[in-house]
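Here is the structure we will look at, set down as structure tokens.
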Amino acid sequence: MLYWFFVKGFGPIARRRLGPSAKGVNNIPRKGGGIIAANHLAVIDDALIPLTCPRMVHFMGKAEYFEGKGIKGKFKKWWFTSVGVFPVDRSGGSKSLGALEHAREILEEGHLFGIHIEGTRSPDGRLYKGHTGVARLAFETGCPIIPTAIIGSRELQKPGTVIPSKGTTQVIYGRPIPVTRNPNATHDDLRELTDRVTREIQAMSGQEYVDEYAQKVKERLAAQQQ
């Protein structure tokens, strides 16, 4: 696992360009499992959390990152695996259950797991309806959820941009939401906890909230452009 090699080795370069500051770091549990549940504005969000979190954070990555061909494909798979990212099929349903099972194992082993509660990057900078996977993991493991707000990343990396501009960003770690283990949590339980986490993120990020899934909005916009 080369996670800390990349964070420590390339961190100074990333910090000079992205200018990340952190608030509420003391809210991150010093040990034991925990879920970092964040909003999602840009690709660089997955660098900002490792740069500001004192503990290693495991993430999901879309399956396409691990399926490339040739040398480039093998390199991408090696890279993401080395920094603690594992694949998830984002088409939903049963295809994503394997990734959630792996995330549960990570939490039960006492590690931190990071997840973007909207499921995909915001199409316009607003905060969209959260998926219940984060709540399901919390109820299955009894691990706390740390609501996390990322601010400024979209301004540095506009949609479609590969190399971010130079500027400043901020990551705010909110107070942990304690969760009592309950494998039999109902859909209403999952929805209530998910919405609570989303409200906490919104309060810290200042984003406008949209009561709709971001992926649905993206699909609608794509259809309109055809």
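Hydrophobic side-chain contacts under 4.5 Å tie Ile151 into a cluster, directly or through other members, with Ile172, Met204. In the hydrophobic clustering, where aliphatic and aromatic side chains (Ile, Leu, Val, Met, Phe, Trp, Tyr) are joined below 4.5 Å either directly or transitively, Val162 groups with Ile163. In this structure, Tyr128 belongs to a hydrophobic cluster whose other members, linked by side-chain heavy atoms under 4.5 Å apart, are Val210, Val217, Leu221.
If you take NZ on Lys23 and OG1 on Thr52, they are separated by 14.0 Å, rounding to the nearest 0.5 Å. Rounding to the nearest 0.5 Å places CD1 of Ile150 at 5.0 Å from CG of Asn39.
In this structure, Asn27 contributes its side chain and Pro176 its backbone to no donor-acceptor pair below 3.5 Å. Remark: side-chain polar atoms of Arg17 are paired, donor with acceptor, to backbone N or O of Pro164 under 3.5 angstrom. Side-chain atoms of Arg15 come within 3.5 Å of backbone atoms of Leu51 as a donor-acceptor pair (strictly under, hydrogens ignored). When atom types are taken as modelled, the side chain of Thr186 and the backbone of Asp189 share a donor-acceptor pair closer than 3.5 angstrom. No donor-acceptor distance shorter than 3.5 angstrom exists from the side chain of Glu200 to the backbone of Gly174, with no hydrogens or angles considered. Under the 3.5 Å distance criterion, the side-chain polar atoms of Glu118 are matched with a main-chain donor or acceptor of His40. Between the side chain of Arg55 and the backbone N or O of Pro29, at least one donor-acceptor pair lies under 3.5 Å.
Evaluation of the ring pair (Phe, Tyr, Trp, His ring centres under 6.0 Å) test over residues 158-183, restricted to residues two or more places apart or in two chains, returns none.
Residues forming a side chain to side chain contact (heavy atoms under 4.5 Å, CB included) with Asp46 (at least two apart in sequence, or on another chain): Phe59, His116. Residues passing the ring-ring contact (aromatic ring centres under 6.0 Å, His included) test with Tyr213 are His131, sequence neighbours excluded.
Ser205 pairs in a side chain to side chain donor-acceptor pair (under 3.5 Å) with only one of the listed residues (Gln202, Glu208, Gln207), which is Gln207. Put simply, the residue from Arg220, Arg126, Lys129 that forms a salt bridge (Lys or Arg N to Asp or Glu O under 4.0 Å) with Glu212 is Arg220.
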